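I have placed the structure first, in the form of structure tokens, so that the comments after it can refer back to it.
On a predicted model such as this, the values are computed, not experimentally measured, just so you know. Lettering follows sequence order; numbering is per chain, from 1.
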Amino acid sequence: MALLWILLLPLLGTLVPLMAAKQGRSLIALLTAIAPFVALVLLLLVAPGVFNGQVLATSFNWIPSAGLDLALRLDGLALLFALLILGIGLLIILYARYYLSAKDNMGLFYAYLILFMTAMLGIVLSGNLLQLWFFWELTSVSSFLLISFWSHKSEARKGARMALTVTGAGGLALLAGLLLIGQIVGSYDLGEVLASGDLLRNHAAYPIALVLVLLGAFSKSAQFPFHFWLPHAMAAPTPVSAYLHSATMVKAGIFLMARFYPVLAGTELWFLIVSMTGLMTLLLGAYVALFKHDLKGLLAYSTISHLGLITLLLGMNTQLSTVAAVFHIINHAIFKASLFMAAGIIDHESGTRDMRQLNGLWKYMPYTATLAMVAAASMAGVPLLNGFLSKEMFFAETLDQVTLGSLSWMVPVLATIGAVFSVAYSARFIHDVFFNGEPIDLPKTPHEPPRYMRVPVEILVALCLLLGIFPAYLVGPLLSLASSSVIGGELPYYSLSIWHGFNLPLLMSLLAMLGGLAIYRNRRHLFRFQALFPEPDAKVVFEGAVQRFVAFCALLVGKLENGSLQRYLFLLLLAALILMAGPMIDLNATQGHVSQLPIDAVTLVGALLLGVSALATVLLNRKRLVSLIMLSVVGLLVSLAFARFSAPDLALTQLSVEVVTMILLLLALFFLPQSTPKESNPRRLVRDLSLAGLIGGVIGTINYAMITRPLSSISDFFLENSYSGGGGTNVVNVILVDFRGMDTLGEIAVLGIAALGIYKLIVRMRLYMPSTNSQGLPWSPDKHPVMLAIVSQSLLPLALLVSVYIFLRGHNQPGGGFIAGLITSVAIIQQYIAQGVDFVKQRMRIDYQWVVGSGLFIAVLTGLGSWLFGRPFLTSWFDYFDPPLVGKFELASAMLFDLGVYLTVVGATLLILANLGKLTTSHSPAIKEKG
Amino acid sequence: MEGLYSFSVGLLTACGVFLTLRGRSFPVVVGITLLSYAVNLFLFSSGRLKMDGAAVLGASQSYADPLPQALVLTAIVIGFAMTAFVLILAMRSRADLGNDHVDGRLPPSPKDQK
Amino acid sequence: MLDWALLLVSGGVCIALILNLWRLILGPDLPDRILALDTMYINSIALIILYGIHMGSPLYFEAALLIALLGFVSTAALSKYLLRGDIIE
Amino acid sequence: MLMQHLAALPILLPLLAGCLLLLPPLANNLARHRAFALSVGLLLIAVSTWLLLVTHNQGTQMYFLGDWKPPFGILFVADRLSSLLVLLTGVLVLASMLYATGGEDSTGLHFYPLIMFQVAGINGAFLTGDLFNLFVFFEVLLIASYSLLIHGGGKQRTQAGMHYVILNLVGSSLFLFALGILYGTLGTLNIADMAAKVQNLPEDKLALVKAGGLLLLLVFSLKAALLPLHFWLPRTYAAASAPVAALFAIMTKVGIYSIYRVHTLVFGPQAGDLASLAQPWLWPFALLTLVVGMLGVLASPSLRMLAANLVLLSVGTLLLAAALESPAAISAALYYLVHSTLISAALFLLAGVIGEQRGKPGDRLVAGRPLSQPRLLGAAFFVAAMAIIGLPPFSGFVGKVLLLQAAATTTEMAWMWPALLLSGLASLVALSRAGTTLFWRVSGSNPTSKPAGALQLSGIWLLLLASPLMVVFGSGITDYTQEAATQLFDAQQTLEFILGSGDR
Amino acid sequence: MNWIDLIAAVFILIGGVFILIGSIGLIRLPDFYMRLHAPTKATTLGLGSLLMASMLLFTSNNDYFSIHEILITLFLLITAPVSAHMMAKAALHVKTRTREGSKGLKVRDAAQNRSKPEEG
Amino acid sequence: MEANPKFRLLPMPTHSLLLLVVWLLLNNSLAPGHLLLGAFLAVGIPLLVAPLQLAQPSSKRPLLAMRQVLLVMGDIIKANLEVALLVIGPLSRMQPGFVAVPLSIERELPITLLASTISLTPGTVSCELSEDRRFLYVHVLNLVDEQELIATIKQRYEAPLKEIFGC
Ligand code: NA
Ligand code: NA
């Protein structure tokens with residue numbers, strides 16, 4: 001339970017600074033510190049148990065199906081890291097209180113910082129692989145926030161982005177690796193995973209898993225070649241650098257390697273990848289650090305090289321090297337954190353971090369200088385300081401390294417060279433800043449920092465000394481505990497004494513000292529030599545690379561999505577062709593076994609006319625009006641075909657729709673060019689023709705194959721139940737209003753919505769009307785020819801009567817609400833054509849929108865009516881009445897439904913056409929637009 | 001008869017497809033209308049062809065499959081609504097963009113296409 | 001006799017329709033085409049009536065009636081288009 | 001009494017509301033429209049939740065329209081899958097309406113009625129058990145979406161509209177061809193009945209049915225924006241006004257749902273000679289969609305475009321899952337579907353506010369003046385970005401992990417893992433660039449733009465809040481999705497259930 | 001065969017002949033204005049007689065008076081002249097060619113701009 | 001309905017009658033039910049459409065009107081025969097031409113009726129009406145004697161119309 005709180009407290013703690021943001025800065029800092037402090041206390045309380053050799057663990061189910069549990073696990077390694085995270089974290093909080101200026105948003109900063117702390121704790125305490133990854137990514141994110149804290153600075157943004165991208169990518173690799181491990185082991189529980197090392201190492205996928213996990217670790221721990229992001233993360237406020245980029249986050253990668261050491265290490269592959277990467281990084285970092293003029297830059301590269309050192313140690317596959325690694329983790333955390341803080345103080349008090357300006361600060365801040373010098377000495381590995389001890393162990397390990405066979409001698413040599421440079425840059429840190437003449441035009445005159453800003457540094461430096469002098473007592477137990485949980489077994493013998501007598505490691509240390517000092521003394525030449533090489537700015541390179549890639553993507557996308565509908569349609573239709581043609585190829589016999597109808601002359605002629613007029617529509621398509629007339633011929637013939645093949649309702653519908661469509665097309669054509677320019681090049685034409693031909697062919701074939709095969713369908717049911725169950729003899733109509741009433745409801749909804757949408761379009765439309773026709777003749781002045789007006793208006797009542805007739809008989813004979821509606825609208829449109837919009841508008845003031853609405857409403861309501869009788873939506877009701885002298889007649893809910901259809905159709909068509917007509921009339925409808 | 005019918009459907013489809021692939025809005029609309037005629041005939045025939053069998057009870061001895069007829073009716077109406085919308089949209093695009101090309105911008109002239 | 005007449009006349013109407021389409025494609029002017037379309041409407045009324053008689057079913061009467069109405073409307077609309085361009089104003 | 005009609009309510013409620021909004025006393029009165037529409041939205045969520053609970057506890061709900069039993073009448077089927085999507089739609093529409101109250105609803109006519117009809121169409125598509133009725137509902141939601149797309153007017157919308165509408169018109173024609181083929185061979189329209197018929201199909205109809213099924217797949221893929229039919233998506237979504245784009249986030253899912261439904265039930269593993277009809281096609285193209293989505297995400301010049309391409313990414317991901325054709329994959333996909341839909345919707349809304357507050361540069365990814373609510377919107381954007389990238393602690397990572405796990409046992413892993421992980425990386429790069437540019441690369445001051453109102457922003461928060469909740473209650477949700485997926489794949493049981501009900 | 005069928009057959013034949021002639025005229029006549037005469041007239045009578053036949057037959061075959069065909073005739077009688085008129089107006093407006101040698105071209109020009117015809 | 005403020009139950013009595021007849025024609029029956037419904041529609045529809053009707057003179061002499069109708073019917077049959085013969089006969093014999101018929105009636109309805117009759121009868125189509133409605137332009141398929149033609153039209157068709165509408 002305590003474990004949970006150790007994690008939860010800081011999490012809740014993130015809210016504290018946010019809520020306290022209005023308070024004074026010291027108070028914020030104090031309040032912020034409470035949660036981590038309590039967590040630390042809790043940790044120390046549970047620590048004894050761990051020292052007694054048990055592994056504390058608690059776990060709760062979270063998302064079992066994903067294998068993700070909230071599982072906490074505290075062993076030696078976790079304890080060590082948790083201590084570092086919380087301990088140094090608290091110091092950082094104190095330090096940041098003084099580092100941040102008044103204009104920085106302190107609450108936010110602390111919130112981010114604690115969030116990060118939580119994430120780190122989550123990593124080290126987690127007992128479930130997925131949960132580990134969860135917190136791993138959380139560190140990337142929170143560090144992004146911290147690095148970009150001064151978001152107005154370009155380098156802060158870029159640095160943060162770079163860090164996020166690199167570590168994020170690593171995180172994805174890690175996820176893959178962890179999932180793979182989980183798959184191999186069959187569980188994501190860390191305990192089980194750690195228990196199945198052999199299974200893993202012998203599994204075929206081991207190399208992949210290893211590489212993936214290491215990618216994660218290396219990217220996080222800034223190992224070559226992923227090291228480049230770390231220096232640019234220095235754009236962060238120094239407390240962040242001290243915490244994330246020395247003590248904790250960059251150690252997460254190390255932690256990961258240590259964590260999985262028992263199951264992944266011990267193979268050739270592990271040695272080669274890990275140790276060689278480590279060595280490379282060690283040398284590179286140490287060398288580059290020397291040439292950095294920025295204090296933090298120097299420290300950053302030194303961090304890189306020390307991380308390389310630890311990695312190298314972990315890679316060397318011997319138990320002692322592992323112990324050394326763990327020991328150096330501790331030491332590096334301590335001295336590097338203090339160095340960063342010192343650097344921060346210098347920066348804070350002198351206004352710059354450039355060592356070319358910073359000189360002889362000893363005079364101004366002797367106390368800080370002393371602290372910094374001790375820490376730097378420890379970094380250089382000077383005896384009596386903690387850095388010295390782990391470095392000795394390191395040298396010792398390099399010496400009995402045999403895996404490289406006859407080349408093994410290289411390891412100690414290269415290690416020494418690395419050490420030489422680390423001495424050199426440490427020397428520079430000391431001499432170039434605190435001595436070496438007078439400061440050169442500093443922004444401020446430096447002086448000692450506020451009392452409490454120094455305290456953290458003092459504590460850490462004290463630790464450097466104490467650990468350096470009494471290692472065995474102070475760090476011995478913790479070290480052995482942590483190391484044993486890394487090795488996962490009995491520890492080898494090792495002594496933490498300062499003096500092992502004169503031996504090779506000591507000699508190497510001495511060489512390093514002297515060599516380092518020598519190099520620093522003659523640095524001018526080295527700097528001059530280094531100046532010959534251009535110094536690439538990783539930020540620029542990285543950004544450039546990303547931008548080039550983005551541009552490339554944009555190019556590709558532009559090529560693909562070239563905004564040409566013709567291409568899109570072509571692809572769509574081509575896909576359709578392929579998908580339909582594929583199966584049809586397998587079909588061996590196109591013709592089925594159903595006896596076919598004989599061809600009669602009339603139908604033959606009809607087909608001929610249909611074909612010819614369709615072709616004419618295409619061939620004459622550039623003369624738009626002509627092709628429009630042709631189109632309506634096609635429509636006419638199609639409806640004749642429907643009539644021919646015993647579908648009178650379809651014939652009627654097709655006829656009326658076709659005429660309304662034509663009127664619509666005419667209205668539109670008036671505002672469009674009267675002819676289509678010739679712009680398709682021959683290749684395009686051939687392409688389209690062949691595609692069209694092929695699709696037509698395939699559709700025709702399918703159609704033929706289909707209708708020459710027998711069909712047993714559900715329709716018999718409709719024929720049988722139409723009268724008894726639907727109360728109508730016109731089965732088609734009964735299907736429409738009863739069996740499949742929902743389709744009809746949807747269909748009229750579509751019509752109504754279309755009308756609304758079209759009205760939307762029209763209201764905002766600005767079109768000029770052409771002053772002459774295509775021949776250049778002016779329009780006839782005779783707006784409303786007399787004869788047309790007279791005849792149309794006398795036809796109107798007749799037409800309405802007919803539509804009533806069609807409507808009423810619909811249920812039993814061809815007809816119905818839809819056709820009736822179209823007849824009505826056509827009749828009214830005829831009035832518009834003959835008499836004009838204004839004439840009609842003045843005389844019949846109907847808001848067609850309401851007609852549409854009420855039509856739909858009636859239809860829906862009719863459907864809902866059946867609810868009153870406890871029947872489902874659209875359940876129809878009908879009955880026959882036979883009152884005296886009126887005669888037998890039927891009443892059916894379907895008729896009411898059909899009335900809804902009727903109204904919707906009328907409303908929709910008129911809403912469209914009438915408003916389209918208004919388009920060129922004086923009053924523009926745009927006034928209606930507002931609300 | 002079935003062959004003749006299928007041929008006509010295929011022909012209509014081809015014509016519709018070809019026009020749909022044109023670059024200007026009006027021919028495209030005409031093409032879509034043709035295509036929808038073809039579709040309706042196709043869907044209609046899925047109930048097989050029948051003469052003298054209107055699905056009105058008592059009007060004939062054996063009836064044509066009424067279901068596809070109902071479906072086609074729905075399809076016709078929906079097709080009408082859609083055609084109307086795309087047509088007005090084409091006008092709107094002429095109004096907003098100053099040309100009647102489906103892409104809203106005129107293509108490069110044939111010369112610089114090559 | 002009757003069937004014979006029906007067959008013959010349907011043939012005649014078909015020929016008529018073919019002639020109409022011919023004129024429709026031939027043009028030469030738009031009025032010719034409108035006239036041809038109008039005639040087609042009327043001839044198809046004839047065809048439907050013949051079909052109705054042949055089938056002996058009144059189901060197709062409405063179709064004929066409708067064509068009569070709609071043919072007029074579309075002819076009027078097309079003519080108005082030639083006259084005014086804007087058919088609803 | 002309502003209980004008995006529960007399965008129909010998610011469709012009828014918005015339909016009725018749509019009508020009422022067109023009639024007095026509500027007609028043409030913005031204030032009343034807002035009040036009414038929002039309350040309907042809340043009601044819709046309540047109903048959908050109820051339906052979800054009922055289906056989850058009492059099993060699949062069926063609703064026989066007109067009291068005609070299957071396979072003859074149309075029926076609505078609310079199983080776990082469809083109820084989940086219906087609820088998702090409810091949340092989405094409420095959010096987008098809340099946002100619209102900020103003023104987007106008055107930049108054109110009939111906003112709320114159209115939204116209502118759109119929802120009716122979407123829910124109908126999710127609930128119907130009849131293939132032709134599915135077509136009808138597709139058309140309803142399409143026509144509504146056309147009208148909503150051009151809401152607010154402007155060149156881009158018209159231009160995008162032309163492409164969107166015409167492509168979908170052709171798509172609808174193809175749908176009808178497919179329907180013709182399937183009815184002409186199987187003689188039925190009820191999806192379950194089709195499945196039953198397909199299982200013992202006469203030899204000489206095989207090819208035809210196959211053609212029909214594949215054509216259907218094409219149509220659904222067009223709606224789902226599967227490469228190479230995806231072209232309409234980016235520009236359409238980028239052009240639409242924010243609340244509309246947010247609602248559109250569900251539209252691709254309708255296509256995906258249809259593929260899940262039809263090509264699992266009718267052409268699924270048990271379909272005899274037509275088993276796994278879709279998979280060989282889905283595989284390569286879903287993968288390509290993912291790749292193109294990645295490119296698009298990186299290439300996006302504006303936040304809307306970015307969000308649109310993120311939708312494309314999710315489409316690729318979801319169809320890859322469909323290609324795996326395993327309950328585990330579908331279960332993961334469902335979780336991911338809900339998550340990605342909500343978050344991409346939130347991104348569209350955010351793009352809207354950001355665009356407004358930045359003035360001239362709008363939501364284009366260039367330096368501009370500071371926002372008037374940087375903290376608030378920054379936080380929202382940060383959450384949305386992390387969620388969609390798949391970074392903890394938000395819902396994205398669960399979905400990713402589940403998908404990766406589902407793929408891990410298959411041979412396709414070698415393709416799918418890199419694709420999924422890289423798509424995550426691409427979004428990471430793109431969104432970090434976008435965010436830092438929009439919120440941090442600012443110059444000058446922001447005198448003019450007024451801060452977005454609480455009601456408007458509540459729409460965004462509603463969507464974003466879902467993400468952490470989906471993580472916290474992950475176990476419950478994943479259990480649900482798993483059951484939904486198993487139910488989906490248990491075709492035999494479904495058939496007996498639906499067709500058996502005809503005798504009862 | 002009964003005599004009603006016979007009469008009907010005759011009507012049908014007459015109708016057919018007129019319809020055919022109308023369409024022949026549409027092809028055969030040289031200019032628009034002349035073509036206009038053929039269908040507008042021939043069809044009225046043609047259809048009329050067809051409808052007569054239909055009336056006869058339906059009335060004889062069914063038990064009721066089937067005279068609704070009259071409606072169609074009525075419709076056509078009302079609409080046909082107006083259609084012709086509108087088409088002629090249009091033709092005049094777009095200056096459709098007239099066959100050379102046709103009389104009253106001055107009148108036609110007057111008609112084209114709906115003004116008074118100048119005398120002589 | 002602002003068009004005509006004073007409400008009349010039968011705004012167009014003749015129309016109403018016509019509608020009732022047509023309704024019965026449509027239904028092919030005299031059943032009381034149809035009569036009832038027909039009557040209802042005959043009253044209802046005119047009420048709906050009345051506002052859209054331009055006021056027109058009503059016929060003063062129905063009997064004369066009847067006679068005129070029959071006469072025109074006869075002429076139509078004649079016309080058809082003539083035209084048929086002309087069409088199939090040799091084209092060279094035809095002498096097409098335009099004629100301007102001066103009008104002495106002004107109201108729209110009579111003019112319309114006249115024009116229609118002209119169009120329906122022997123080889124004439126009324127093409128255009130002059131702006132001032134004083135001249136009706138007619139195309140003649142075979143123009144033998146212009147003056148004679150005009151005279152026939154005026155006395156055979158226009159005169160009766162004048163009487164019927166009493167103008
Ligand atoms: Na210096
Ligand atoms: Na107009």
Does any heavy atom of chain D fall under 4.5 Å from the side chain of [X], the backbone, both, or neither of them?
X: A/N105; result: side chain
X: A/F144; result: side chain
X: A/V546; result: side chain
X: A/L556; result: side chain
X: A/I699; result: side chain
X: A/L130; result: side chain
X: A/F570; result: neither
X: A/L573; result: side chain
X: A/Q131; result: neither

Item to complete: Answer with yes or no after comparing the ring centroid distance for D/F72 and A/F739 against a 6.0 Å cut-off, counting only values under it.
Response: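 For D/F72 and A/F739, the ring centres are not under 6.0 Å apart.
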Just so I know, are the side chains of [X] and [Y] near enough to count as touching, which here means a heavy-atom distance under 4.5 Å?
X: D/R433; Y: A/Q547; result: yes
X: A/P872; Y: D/L65; result: no
X: A/I578; Y: D/W281; result: yes
X: D/I166; Y: A/Y568; result: no
X: A/N703; Y: D/I181; result: no
X: D/M413; Y: A/L180; result: yes

Discussion item. Working note: A/W867 + D/H5, criterion ring-ring contact (aromatic ring centres under 6.0 Å, His included); need CA distance, chi angles, decisive distance, verdict.
Written reply: CA-CA 8 Å; A/W867 286 15; D/H5 306 291; 4.0 Å; yes
Fill in: Portion of D/M294 that has a non-hydrogen atom of chain A nearer than 4.5 angstrom
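Nothing of D/M294, per the 4.5 Å heavy-atom cut-off to chain A.
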Worksheet entry | Contact origin within D/V140 toward chain A - heavy atom pairs under 4.5 Å |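 Both the backbone and the side chain of D/V140 come within 4.5 Å of chain A.
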Polar side chain donor-acceptor pair, [X] to [Y], under 3.5 angstrom:
X: D/H151; Y: A/K760; answer: yes
X: A/D738; Y: D/W68; answer: yes
X: A/S715; Y: D/Y183; answer: yes
X: D/T185; Y: A/R709; answer: no

Chain A: which of [options] shares the most heavy-atom pairs with it under 4.5 Å?
options: D/L229, D/L428, D/D204, D/T188; answer: D/D204
options: D/S475, D/A207, D/G66; answer: D/G66
options: D/L214, D/V209, D/L222, D/L141; answer: D/L214
options: D/V442, D/L174, D/N309, D/L425; answer: D/L425

Practice prompt. Fit a plane to each ring of D/F397 and A/W62, take the angle between them on a 0 to 90° scale, and name the class: parallel (under 30°), tilted (30 to 60°) or perpendicular (over 60°).
Written response: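 Ring orientation, 0 to 90° scale: perpendicular.
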Within the side chain of [X], is there an N or O that forms a donor-acceptor pair under 3.5 Å with the backbone of [Y]?
X: D/Q4; Y: A/G870; answer: yes
X: A/Q849; Y: D/L22; answer: yes
X: D/E139; Y: A/E747; answer: no
X: D/K205; Y: A/M706; answer: no
X: D/Y63; Y: A/F873; answer: yes

Practice prompt. Using a cut-off of 6.0 Å, state whether more than 12 heavy atoms not belonging to A/H152 lie near its atom NE2.
Written response: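 Correct, the count exceeds 12.
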